[in-house]
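Throughout, protein chains are lettered first and strands after them, A, B, ... in sequence-line order, and every chain is numbered starting at 1.
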2 protein chains.
Amino acid sequence: MTNEEIDVETRIVEKAQAIFARYGFRKTTMDEIARATHKGKSTLYHYFPSKEALFTAVIEREVKELKAEIHQALAVENSAPEKLKTYILTRMHAFKRLANLYQAFADEYLENYRFIEKIRTSYDEYERKIISKILQEGVQAGLFAISDLDLIAHVIVVASKGLEYQWALDKDTTKTEQNIDTLLQIFFYGLFTRT
Amino acid sequence: MTNEEIDVETRIVEKAQAIFARYGFRKTTMDEIARATHKGKSTLYHYFPSKEALFTAVIEREVKELKAEIHQALAVENSAPEKLKTYILTRMHAFKRLANLYQAFADEYLENYRFIEKIRTSYDEYERKIISKILQEGVQAGLFAISDLDLIAHVIVVASKGLEYQWALDKDTTKTEQNIDTLLQIFFYGLFTRT
DNA sequence: AATGGACCAAATTCGTTTTTTAGTCGGGAA
DNA sequence: TTCCCGACTAAAAAACGAATTTGGTCCATT
């Protein structure tokens, strides 16, 4: 595998990323990706066995970017509460940029393109683990009092996704961030008075 | 308006309720509703100016049922935490039965049939008020420590809907109820240790 | 006043034709 | 030998026009 070869494959994925993001999986043709890459269509098939495989490569690339971004953001934080907040916000902002990933993880896509189920399941797992780990750190620091880490991680993920979904409809993100702040306050302190 | 008239209108709504639930708004024809009611189509138009108006009557009927059920369930509870839990569970169970309402409040429907937006907005308002009232009761009983009731009510609604969405996909409701219990524990006690 | 059958424009469906697309393959260029 | 492309094709999707259905109207009947 020569350097030239790495460049062609990467260039295909990059061009495909932009076009898939614009038109979605179904409306994007291999011909236009080939044209954008200034290669023949057969060249695409030399590197990727199918359209689905190319789209999967694009999604995997975005997942990798997302994970790198999350790790970078979390490395800066020291306490479990800050990490939890940072995770939720980083994920939310990244999804806004990584258009293919956001689309791919929507249930509508999962219904029509089952081949991305594996990536999604894998990411869900990763996400559960990240939250569990943050919670575990909070427990060990004596900050959190929690019994079933995994279950609570799951519930936190799902609940924050409710707000995230509203963000997807909203054009104004500050309101959604405010809502996430409020949700986190409830998560940390609860509704019951503290004596 | 005679008794006979009340019966025909109600019978139309009841039959329509069943058929709309089965086939959805678009696939249901006024002809089949008329047939099910043993009346001519013109009779439907005597009572309802349009197909949309009939569907709206069906939805309003289901909203009325839901509200009655919620009020009944809440009347039995004394404490704010129990009421909050009861609200969430009652709503969830009722939506499973009130198939038209569940469909109508799905975003997919709202996209295609804007005429139900008003009902939905009205219900959202009602829901916000119910939760705020429950929270207010908790504050007055000295149980809850809360500043912005409305905002927190909103966040609670949205977060619990995240779990509810999973319930719609799940066939097993006990798991979702368990998740709601966990969410409520977090809502009540928070993650931070209590000293 | 309540009801239904006839009617109709618009919307939807359906079968057919045309076009496009994902993918293949043989051959040429580097 | 590897990289790359143009020609090709079966299948899928889109376009098209005809046929059918649908929401709604209206007049006559009970």
Side-chain angles (χ1 to χ4, degrees), chain A residues 1-59 100 103-104 108-109 111-116, chain B residues 1-59 100 103-104 108-109 111-116:
Chain A
M1 196 185 284
T2 66
N3 269 343
E4 174 70 10
E5 190 167 276
I6 293 175
D7 281 344
V8 173
E9 186 171 347
T10 302
R11 192 145 86 251
I12 292 171
V13 173
E14 283 173 356
K15 292 293 181 182
Q17 189 174 5
I19 302 175
F20 278 131
R22 174 106 189 256
Y23 299 111
F25 178 77
R26 184 167 155 271
K27 279 289 191 180
T28 296
T29 67
M30 295 300 267
D31 260 330
E32 59 190 326
I33 295 174
R35 256 180 272 121
T37 319
H38 303 296
K39 301 287 178 185
K41 191 164 60 168
S42 294
T43 309
L44 301 192
Y45 285 97
H46 176 77
Y47 292 97
F48 302 95
S50 65
K51 186 181 178 183
E52 294 186 355
L54 178 55
F55 187 65
T56 299
V58 167
I59 299 297
N100 288 296
Q103 285 183 70
E108 190 187 329
Y109 250 54
E111 268 180 46
N112 296 317
Y113 313 119
R114 297 219 76 94
F115 65 89
I116 55 176
Chain B
M1 198 185 283
T2 66
N3 271 341
E4 174 70 10
E5 192 167 275
I6 293 174
D7 281 344
V8 172
E9 186 171 347
T10 302
R11 193 145 88 250
I12 292 171
V13 172
E14 284 172 355
K15 293 294 183 181
Q17 189 173 6
I19 301 175
F20 279 131
R22 173 106 190 258
Y23 298 112
F25 177 77
R26 184 170 156 269
K27 279 289 190 180
T28 296
T29 67
M30 294 300 267
D31 258 332
E32 57 190 325
I33 295 174
R35 255 180 274 122
T37 319
H38 303 298
K39 300 288 177 183
K41 193 166 56 168
S42 292
T43 310
L44 301 193
Y45 286 97
H46 174 78
Y47 291 96
F48 301 94
S50 65
K51 186 183 178 182
E52 294 186 357
L54 177 54
F55 187 66
T56 300
V58 167
I59 299 297
N100 288 297
Q103 286 183 69
E108 191 187 330
Y109 250 54
E111 268 179 49
N112 296 318
Y113 312 121
R114 298 219 75 96
F115 65 89
I116 54 177

| message | I want to check something: taking the side chain as every heavy atom from C-beta on, are B:I12 and B:K39 in contact at a cut-off of under 4.5 Å? | response | no
| field | Interatomic distance, B:K39 NZ vs D:dG24 P [rounded to whole Å] | value | 21 Å
| said: One pair to check against side chain to side chain contact (heavy atoms under 4.5 Å, CB included): A:F48 and A:T56. What are the steps and the verdict? | reply: CA-CA 10 Å; A:F48 302 95; A:T56 299; over 6 Å; no
| field | nucleotides 25-30 of chain D: protein proximity per nucleotide (B base, S sugar-phosphate only, - neither; heavy atom, under 4.0 Å) | value | BB----
| Value in whole Å for how far the C1' atom of D:dG24 lies from CG of B:L44 | 11 Å
| request: Starting from P on C:dT3, measure out to CZ on B:F48 and report it in whole angstrom. | output: 12 Å
| field | Length of the line joining A:H46:NE2 and C:dG26:C1', which is rounded to integer Å | value | 16 Å
| To the nearest angstrom, how far is A:E52 atom CD from C:dT21 atom P? | 17 Å
| message | What is the distance, to the nearest angstrom, from the OH atom on B:Y23 to the C1' atom on D:dG23? | response | 19 Å
| If you take all heavy atoms of A:I59 and A:A104, which pair is closest and at what distance? | CD1-CB, 3.4 Å
| field | Under 3.5 Å: donor-acceptor pair, side chain of B:K51, backbone of B:T28 | value | yes
| said: Please evaluate residues B:T43 and B:T37 with respect to the criterion side chain to side chain contact (heavy atoms under 4.5 Å, CB included), reporting the C-alpha separation (whole Å), side-chain torsions for both, the decisive distance (0.1 Å), and the verdict. | reply: CA-CA 10 Å; B:T43 310; B:T37 319; over 6 Å; no
| request: Show the numbers, then the answer: is there a side chain to side chain contact (heavy atoms under 4.5 Å, CB included) between A:Y113 and A:F55? | output: CA-CA 11 Å; A:Y113 313 119; A:F55 187 65; 5.7 Å; no
| Residues touching DNA chain D, which here means a heavy atom under 4.0 Å, drawn from residues 25-34 of chain B | B:T28, B:T29, B:M30
| Contacts of type side chain to side chain donor-acceptor pair (under 3.5 Å), residue B:Q17, not counting sequence neighbours | B:R61, B:E62
| message | Could you go through A:M30 and A:Y45, starting from their C-alpha distance and side-chain angles, then the distance that decides it, and tell me whether this counts as side chain to side chain contact (heavy atoms under 4.5 Å, CB included)? | response | CA-CA 9 Å; A:M30 295 300 267; A:Y45 285 97; 3.5 Å; yes
| said: I want to verify a distance call: between C:dG23, C:dT3, D:dG23, whose nearest atom is closest to the B:K51 side chain? | reply: D:dG23
| Heavy atoms from other residues, nucleotides or ligands near OH of B:Y23 exceed 12 (cutoff 6.0 Å) | no
| B:R35 CZ - C:dT3 C1' separation (whole Å) | 18 Å
